[in-house]
Asker: 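I am attaching a structure below and will ask some questions about it afterwards.
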Amino acid sequence: MTDQEPGRVDRVVMRDIRKRYGMVDALRGVTLRVGPGEVVGLVGDNAAGKSTLMKVLAGAVVPDSGEIVFDGRPVAFANPKDARELGIEMVYQDLALCDDIDVAGNLFLGREPRKAGGLMLDVRKMHADARRHLDALNIRIPLTDIPVGGLSGGQRQAVAIARAVTFGPKLLILDEPTAALAVAEVETVLELIKTVSAQGVSVILITHRLQDLFRVCDRLCVMYEGTLRADLDARNTSLERLVSEIVAHDEGEKEGSRR
Amino acid sequence: MTATGTGTSQRVVTTRSARANAHIGRHAQTIAIAVVLVALLIFFAFSADRFATTGNLLNLLRQIAPTLIVATAMTFVISTAGIDLSVGSTVALSGSLLAIVLQHGWSPTVALIAILALGALIGFVNGWFSSYQNIPPFIVTLAMLSIMRGTALRATEGYSTPISGDLWIVQIGQGRIAGVPVPAILAVVVALVGWLVLTRTPFGRYVIGLGSNGESLRRTGVNTRKVGLTVYMLTGVAAAVAGVLIATRLSSGSSNAGSGFELEVITAVVLGGTSLFGGRASMLGTILGALTLGVIANGLVLLHVSPFYVQIVQGAILLLAIFANSKVWAKFGAIRK
Ligand SMILES: Nc1ncnc2c1ncn2[C@@H]1O[C@H](COP(=O)(O)OP(=O)(O)OP(=O)(O)O)[C@@H](O)[C@H]1O
Ligand SMILES: [Mg+2]
């Protein structure tokens, strides 16, 4: 959670990202920058385009135009695999897990431990590793062999978070990670964000719990109707200022304002 | 964030029951079909004299071999929430073409490879339209059902083509190894491999994931379209194998073979507890389902019941199985759908 030193290359820069869904202009030229180890809070009204922007960054949505530079290199993601290989992990707001697959299976989905020359799943190792990873993250799920469809909403979300942080990401995107969590679990996630960012992992956090943002974020980016409306320093921004940016009051005097 | 004191023991209790629930829920229908199968075996053993003889039971295994082989592949397709209605027509086309090319003097080995490749191609077309173009597989494979049956009829002009008993290839349908019919051995091997692939390989995982939540699977970086395409190629090849089995057993290729076969295969799969909505599969259930259908057909014939009733019974079983699958067993399951 230190200031970005000058001269250090940005972890990721998204430039002029645009995405249309039929008649809906979800993103109309968004530019976003995140430094190494930096925690950026991404806020905005419902349907402002936060999730879409992050899906672009995670490779789940291919933008119509715009460029992404990761660790100084221009990149283009055709699918989530490309982004995952570079170390970009995302906890999605929706459709995160496969209900019929068990906890360990979901945790390792897409990169299962294998044996017999890569042909077979190493199920035993999968469960043992899952146990270790969940314990290391203080996630309270006693069984790794029950389908996640049978877990509570918060437990499912914890599994999704564990999946994203377990494999040493360079950039962690959390889209409403605390929406289904109990108070203690929210604290754990906030601690987790501090821990990983101290290790140099960049974090983008989307949440409507504004008070949380001030506890972990270095910068706050406000989106409004598919554009980036404001880029604020978290330490000298008040909650009132942030709220007014989100709901688009006194548009005239704000820098970065669209109209 | 660790549970302490009474919280722990309570939690352990609830998770134990959650695990038991989840497992019983998953296997309830497989257990039920096993019970039904045993009951049927006992019933026919007492009511039909010749039923419980080794000869008849081996014959039964040979009869259900094509169904079991295609049902194994169909379990993969249905697990992805797909369906393949074209397997019966593929059976007819592959059997007919096999007989025709053999009559034209092709070597049986070349003919066999060509027919299997044809099955893969049919599966590729099914998979390309359903998986890469997102057209509902029900429609794609229904269209292919019509195209393949029409092609078979056109190729044979409606006549059946004999296959010479001198060729080694007829051994596939008629041969025995240590007294056991070759089709039965083949079917058991295919089912075992299918079970292994479904439960123990990454591909099997992705098949379940695709049916459970395809977008979630895609976001983990898995090429879901390729998985979707592959399962249709499996049913295509399996149907071609079934076509070869049936044609070589009868020593003739007929464009009328395999009519209603898709229904029988789908019934076997659904009867075994695999969900038509995807995500839930039981290869053991599919094997038991196919056996159950075979036992019913075989037993009814031995009891001198009109063969026309077999179809009626099969249709009724399919309806009942789907009803049980979606309404009754869902109550046991911990799975939300
Ligand atoms: N797959 C899609 N197809 C069509 N429209 C979409 C799709 N995804 C997003 N949109 C549209 O894009 C706009 C931005 O949606 P997005 O989910 O990014 O908003 P958000 O800022 O994440 O909102 P929330 O705070 O409610 O999560 C919305 O108007 C939405 O309807
Ligand atoms: Mg969102």
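Letters go in sequence order (proteins before strands), and every chain restarts at 1.
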Asker: Could you look at A/Asp94 and say if it's the side chain, the backbone, both or neither that has a heavy atom under 4.5 Å from chain B?
Answerer: both

Asker: Can you tell which of A/Arg84, A/Glu89, A/Glu187 has the highest number of heavy-atom pairs within less than 4.5 Å of chain B?
Answerer: A/Arg84

Asker: Taking the side chain from B/Asn213 and the backbone from A/Leu97, do they hold a donor-acceptor pair closer than 3.5 Å?
Answerer: yes

Asker: Which atoms of A/Lys115 are under 4.5 Å from chain B, going by heavy atoms: the side chain, the backbone, both sets, or neither?
Answerer: neither

Asker: Among B/Leu196, B/Leu210, B/Thr201, B/Ile208, which residue has the highest count of heavy-atom pairs closer than 4.5 Å to chain A?
Answerer: B/Thr201

Asker: What parts of residues 56-79 of chain A touch chain B if we use heavy atoms and a cut-off under 4.5 Å?
Answerer: A/Ala60

Asker: Can you say whether B/Tyr206 sits under 4.5 Å from chain A via the side chain, the backbone, both, or neither, judging by heavy atoms?
Answerer: side chain

Asker: Within a reach of under 6.0 Å around CG of B/Leu320, are more than 12 heavy atoms found that belong to other residues, nucleotides or ligands?
Answerer: yes

Asker: How far does OG of B/Ser212 sit from CG of A/Asn106, to the nearest 0.5 angstrom?
Answerer: 7.5 Å

Asker: Can you tell me how far apart CG (B/Asn223) and NZ (A/Lys81) are? Round to the nearest 0.5 Å.
Answerer: 8.0 Å

Asker: Between CZ of A/Phe108 and CZ of B/Arg205, what distance do you get to the nearest 0.5 Å?
Answerer: 11.0 Å

Asker: Holding to salt bridge (charged side-chain N to carboxylate O under 4.0 Å, His left out), I want the full list of residues that pass it with A/Arg209, two or more places apart in sequence or in another chain.
Answerer: A/Asp212

Asker: Counting only heavy atoms not in B/Phe129 (residues, nucleotides, ligands), do more than 12 fall under 6.0 Å from its CZ?
Answerer: no

Asker: Yes or no on side chain to side chain contact (heavy atoms under 4.5 Å, CB included) for B/Arg219 and A/Met90, after CA distance, side-chain angles and deciding distance?
Answerer: CA-CA 9 Å; B/Arg219 288 175 184 175; A/Met90 173 159 175; over 6 Å; no

Asker: Sort by residue number and list every residue of residues 159-170 of chain A having at least one heavy atom under 4.5 Å from chain B.
Answerer: A/Arg163

Asker: At under 4.5 Å between heavy atoms, what parts of residues 119-134 of chain A are in contact with chain B? List them by residue number.
Answerer: A/Leu119, A/Met120, A/Leu121, A/Met126

Asker: Can you measure from OG (B/Ser216) to CG (A/Asp99) and round to the nearest 0.5 angstrom?
Answerer: 9.0 Å

Asker: Taking every non-hydrogen pair under 4.5 Å, which of A/Ala116, A/Ala83, A/Gly110 racks up the most with chain B?
Answerer: A/Gly110

